[in-house]
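All ligand and atom numbering here is 1-based and tracks the order in the structure.
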Amino acid sequence: MHQPALGLLRQPATILVGRGQRHALPQHLPSGTQRALIVTDARMAQEPAFECMMRQLKDSGIHCTTIADVQPELPVADILAAKEKLAGERVDVVVGIGGGTCMDFAKVIAILLTYGGKPQDYYGEFAVPGPTVPVIAVPTTAGTGSEATPVAVVSDLDREMKVGISSPHIVPVTAICDPELSDSAPPALTAAVGTDALSHAIESFTAIRRPATPLLASERVFVGKSLLTDQYALAATAAIGRSLKTAVKGDADPARLAVARDDMVFAAMAGGLALGTGGTAAAHALQYPVGAATHTPHGVGVGVLLPYVMEFNRPARVTEFAALARAMNVGNGQEDDEQLSHLFIDRIAALLTDIGIPSTLVGLGMPQGEERWLATQAMKATRLVENNPRTLDIDALETIAAAAFRGDRQLVHAATATR
Ligand SMILES: NC(=O)c1ccc[n+]([C@@H]2O[C@H](COP(=O)([O-])OP(=O)(O)OC[C@H]3O[C@@H](n4cnc5c(N)ncnc54)[C@H](O)[C@@H]3O)[C@@H](O)[C@H]2O)c1
């Protein structure tokens, strides 16, 4: 029977993508802005590009306060401390300039400046009461897509794993995606964040499709597969297929390298639009405990797990994997969907190996024998588990983890055959 599809997209009001677009920042401040809070990290704060942006804001008559020491993993205590330092100060806009960590810091401090309290008060979905001080996101990595998403991910000493704040109210009002800011990313960082973008495209495109009830968009921040997010997931997949390898490995021709880097910045933003409404699934659920145990970058952990999760989900998503394969020009045009779906997983696994992502959890430094623990922890990421196209229980997650330890995708079928 025909199941009506939902189309939903939560997005910044303005998205600028292109070389040199960072210079447009002063023109895109909300009207009436006099005071801006700039959030960045120590690396970016030293960059001439950053100094130039600050000068342009000052020349436009904007008073800037800067937080320039955002730390990896984004500890909540840092955000709270920053809020306390800002007590009484007027902030008209928060500008996050950096990787996902800086952009997520900007989102959370905007919540605290608007509604008070501490980050913990807003964990989970729909806990932010309304619009916040506007956030402008300027990414310097081509990966997380945070510039376009309704989520911020923080770490909390009281919790084993990182935790999300998800609300339509924290989508940045403006995203300025300038590839010149990510040109400096070294190969390992480019590979990790590019893999993150790839996983956003694949997991949102193959996510669960929920009945399109009129309440769905208000009941969930991440609604699963949707007509509108699908378009961005396909576009991101195509761009990553063309360009991730070149962006990581470089090219003797600077023009070709620039095209690849431009493609990856677009793919990250498009992947963010897809993930921000569609949501991600099992690879992200399993990465949370893997990241906590190994302290490896989010994108690398997701990349290790992705082919195993795809293999598990493939029987339920043959048409979708075939569509993604076509977007990446996989195959010779003669294959049917079933064949293409297999070829696509092979292609993703090969691409990830090519750019240096380990192919097993052992290669990532995960201690052997932790399959059950990983599965138990991953089950706690309810919104991700529920977003998977095939039902996940603890045994299924354990089987996927076991396959990822042993480096054998076919092992995922051992459990599925008996279920
Ligand atoms: N909000 C979302 O939608 C979302 C989605 C995925 C991931 N995340 C979160 O984003 C964070 C990861 O963000 P990230 O992967 O962008 O990394 P990051 O922001 O943590 O940065 C990683 C390192 O790269 C450096 N760096 C950044 N840009 C650089 C550049 N152009 N050249 C050289 N070095 C550069 C940083 O200084 C830092 O040392 C994690 O906390 C993750 O949970 C958020």
Side-chain angles (χ1 to χ4, degrees), residues 10-12 22 39-50 68-76 78-79 96-108 110-111 135 137-156 161-168 170-172 175 177-201 203-204 221-222 247 261 264-265 268-280 283-284 287-288 290-292 295-303 381 383-384:
R10 298 189 173 105
Q11 59 187 339
R22 67 186 180 284
V39 178
T40 193
D41 63 14
R43 182 205 69 87
M44 187 63 196
Q46 305 297 321
E47 290 287 309
F50 180 80
D69 58 355
V70 171
Q71 299 298 315
E73 304 297 315
L74 197 43
V76 283
D78 292 4
I79 312 174
I97 307 176
T101 312
C102 296
M103 294 187 281
D104 286 1
F105 192 120
K107 292 175 182 178
V108 183
I111 299 171
V135 172
V138 186
T140 67
T141 57
T144 69
S146 176
E147 64 272 20
T149 72
V151 56
V153 187
V154 299
S155 62
D156 181 336
M161 295 186 293
K162 290 178 84 174
V163 56
I165 294 174
S166 305
S167 161
I170 64 170
V171 178
C177 313
D178 182 341
E180 285 170 9
L181 296 176
S182 53
D183 280 345
S184 55
L189 178 60
T190 305
V193 295
T195 301
D196 198 14
L198 175 66
S199 72
H200 296 159
E203 289 218 285
S204 60
V221 176
F222 304 99
R261 291 244 178 226
M264 288 310 300
V265 167
M269 182 280 299
L273 287 173
L275 120 85
T277 306
T280 51
H284 278 73
Q287 189 280 329
Y288 275 96
V290 167
H295 302 287
T296 47
H298 170 75
V300 178
V302 171
R383 78 170 161 86
L384 302 173

Asker: Compile the protein residues with any heavy atom at a distance under 4.0 Å from an atom of ligand 1; present them by chain, then by number.
Answerer: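 Residues within 4.0 Å of ligand 1: D41, R43, G99, G100, T101, D104, K107, T140, T141, T144, S146, T149, V151, V153, K162, L181, S182, S184, A185, P186, L189, V193, D196, H200, H298.
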Asker: To check you understand the geometry: which heavy-atom pair defines the closest contact between G194 and M264, and what is its length?
Answerer: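 Heavy atoms only, the tightest pair is CA-CE, 3.7 Å.
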Asker: Would you say T195's side chain and V300's backbone share a donor-acceptor pair under 3.5 angstrom?
Answerer: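 No, T195 side chain to V300 backbone: no donor-acceptor pair under 3.5 Å.
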Asker: When you measure from the side chain of T277 to the backbone N and O of R10, does any donor-acceptor pair fall under 3.5 Å?
Answerer: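 Checked: pair present.
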Asker: How close do V221 and P168 get, heavy atom to heavy atom, and via which atoms?
Answerer: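 Taking V221 first and P168 second, the nearest heavy atoms are CG2-CD, 4.1 Å.
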Asker: Between T101 (side chain only) and L74 (backbone N and O only), is there a donor and an acceptor less than 3.5 Å apart?
Answerer: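 No, T101 side chain to L74 backbone: no donor-acceptor pair under 3.5 Å.
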Asker: In residues 137-147, what donor-acceptor pairs under 3.5 Å come from side-chain atoms, sequence neighbours left out?
Answerer:
residue: T140; atom: OG1; partner: G99; partner atom: N; Å: 3.4
residue: T144; atom: OG1; partner: S146; partner atom: N; Å: 3.0
residue: S146; atom: OG; partner: D104; partner atom: OD1; Å: 2.6
residue: S146; atom: OG; partner: K107; partner atom: NZ; Å: 3.0

